[in-house]
Structures are given as C-alpha cells and as structure tokens.
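Inspection log for the structure reproduced underneath, given as structure tokens.
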Amino acid sequence: MTFAEAGAAEIAAGIDDMYAAFLAGDRQRFDAHLHPEVTTWETHLPGPLRTRAELDDYRARRDAAGQRPRLAVLAARDKRIDVWGDSGVARYVLVSQLGPDDEPELTRVTDVVRRIDGRWVIVHHHAELVRDPVGAA
C-alpha cells in the first residue's frame, strides 16, 4: 500500500468515525476530527462559520431552541479521497435519514484535511444539500 493509499484509508475511517460519533451523540469524539480553525460552509448554516468556536456558538443557539431530531442513518457514501503529503481532500455523498421509512436526504460534501501530529483533521468542510436526489446518486 502506498503512502497516499494509506492516508486515504485513514481519512475514510476518520470520516466514518465522525458520523458514527454524531449518531452516538458524542460531540467530543465528533469534534476530535475538526481542526480548531475549521471553516464550515453548509447549505443549512447561517453563512460560513470560520472557526470551531463559531460552530460551537451556532450549536449552542440551535440546541437552546429545542431538541434535535435523532437520525436513523448518517453515512458517507461514494468516497473519493486524494492525498498529497500531509494534505488531502475527501469528496462524498452524505446520506441522512430520519427513520427507516423516510426519504433519505443527500448532501454533497468536500472536506479538506491535513495530517497534524500524525492525525488527519478537517480544516475546511463544505456541504451542499442536493435538491434533486434522482440526479445526485
């Protein structure tokens, strides 16, 4: 296995663990995959969040507004990951589903990652809700 292949496998495993942590409600484990200066751009967020502190502020306001729904599924599919030294980019489709009978929601995601102290962390996360799921898959 080449260095790039090994890095891609580590990044893929990290992405899978991050979403497993979300489903488990383990924010500390989820956040371990994010760099403190991560930029977060998502369709449903109020503009770009430029640090994890800004993300945490958004989360606090959101959570104060009421209970968040529990998802039955949150999984990264169709991953394509490239690695160049200590940098990489992961592109994938994030599938989320409230319940087993609900229609899945698809989001195109790009994560830019860096290897810092032997760990891959997300330094930029961009997610766009796919409005036409038929053409997205």
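When reading the values below, keep in mind they use all heavy atoms of this one structure, side chains included, and skip hydrogens, waters and symmetry mates.
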With a 4.5 Å cut-off on side-chain heavy atoms, are [Y] and [X] touching?
{"X": "I116", "Y": "W120", "result": "no"}
{"X": "W41", "Y": "L49", "result": "no"}
{"X": "L129", "Y": "T107", "result": "yes"}

Nearest heavy-atom neighbours spanning [X] and [Y]:
{"X": "R119", "Y": "H33", "value": "NH2-N, 4.3 Å"}
{"X": "E54", "Y": "P48", "value": "OE1-O, 4.1 Å"}
{"X": "I15", "Y": "A76", "value": "CG2-CB, 3.8 Å"}
{"X": "G7", "Y": "V83", "value": "C-CG2, 3.8 Å"}
{"X": "R115", "Y": "F3", "value": "NH2-CZ, 3.1 Å"}

Could you walk me through whether D26 and F22 satisfy the side-chain contact (heavy atoms from CB on, under 4.5 Å) test, starting with their C-alpha distance in whole Å, then the side-chain angles of each, then the deciding distance to 0.1 Å, before giving a yes or no? CA-CA 6 Å; D26 188 342; F22 183 92; over 6 Å; no

Take atom CZ in R29; do more than 12 heavy atoms of anything else shown fall under 6.0 Å from it? yes

Tell me whether the count of non-hydrogen atoms from other residues, nucleotides or ligands lying under 6.0 Å of CZ in R114 goes above 12. no

Working to the nearest 0.5 angstrom, can you tell me the gap between [X] [atom1] and [Y] [atom2]?
{"X": "S96", "Y": "E105", "atom1": "OG", "atom2": "CD", "value": "4.5 Å"}
{"X": "I81", "Y": "E5", "atom1": "CD1", "atom2": "CD", "value": "12.0 Å"}
{"X": "T39", "Y": "R52", "atom1": "OG1", "atom2": "CZ", "value": "13.5 Å"}
{"X": "D16", "Y": "I11", "atom1": "CG", "atom2": "CD1", "value": "12.0 Å"}
{"X": "L23", "Y": "L74", "atom1": "CG", "atom2": "CG", "value": "5.0 Å"}
{"X": "L106", "Y": "Q97", "atom1": "CG", "atom2": "CD", "value": "9.5 Å"}

Stepwise side-chain contact (heavy atoms from CB on, under 4.5 Å) check, V93 with V130: CA-CA 9 Å; V93 174; V130 177; 5.9 Å; no

Keeping D102 on the side-chain end and G99 on the backbone end, is there a donor-acceptor pair under 3.5 Å? yes

Using a strict cut-off of less than 4.0 Å between a Lys/Arg side-chain nitrogen and an Asp/Glu carboxylate oxygen, indicate whether D31 and R59 qualify as a salt bridge.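 So D31 pairs with R59 through a salt bridge.
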
Considering only NZ, NE, NH1 and NH2 on the basic side and carboxylate oxygens on the acidic side, decide whether R91 and D78 come within less than 4.0 Å.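 Answer for the salt bridge query: no.
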
Hydrophobic cluster membership, with links at side-chain heavy-atom distances under 4.5 Å among I/L/V/M/F/W/Y: are [X] and [Y] in one?
{"X": "L71", "Y": "L94", "value": "yes"}
{"X": "V113", "Y": "V109", "value": "yes"}
{"X": "V112", "Y": "Y92", "value": "no"}

Ignoring hydrogens and geometry beyond distance, is a side-chain donor-acceptor pair present between D111 and H124 at under 3.5 Å? no

Give the intermediate values and the outcome of side-chain contact (heavy atoms from CB on, under 4.5 Å) for residues M18 and L34. CA-CA 9 Å; M18 181 175 69; L34 305 177; 4.3 Å; yes

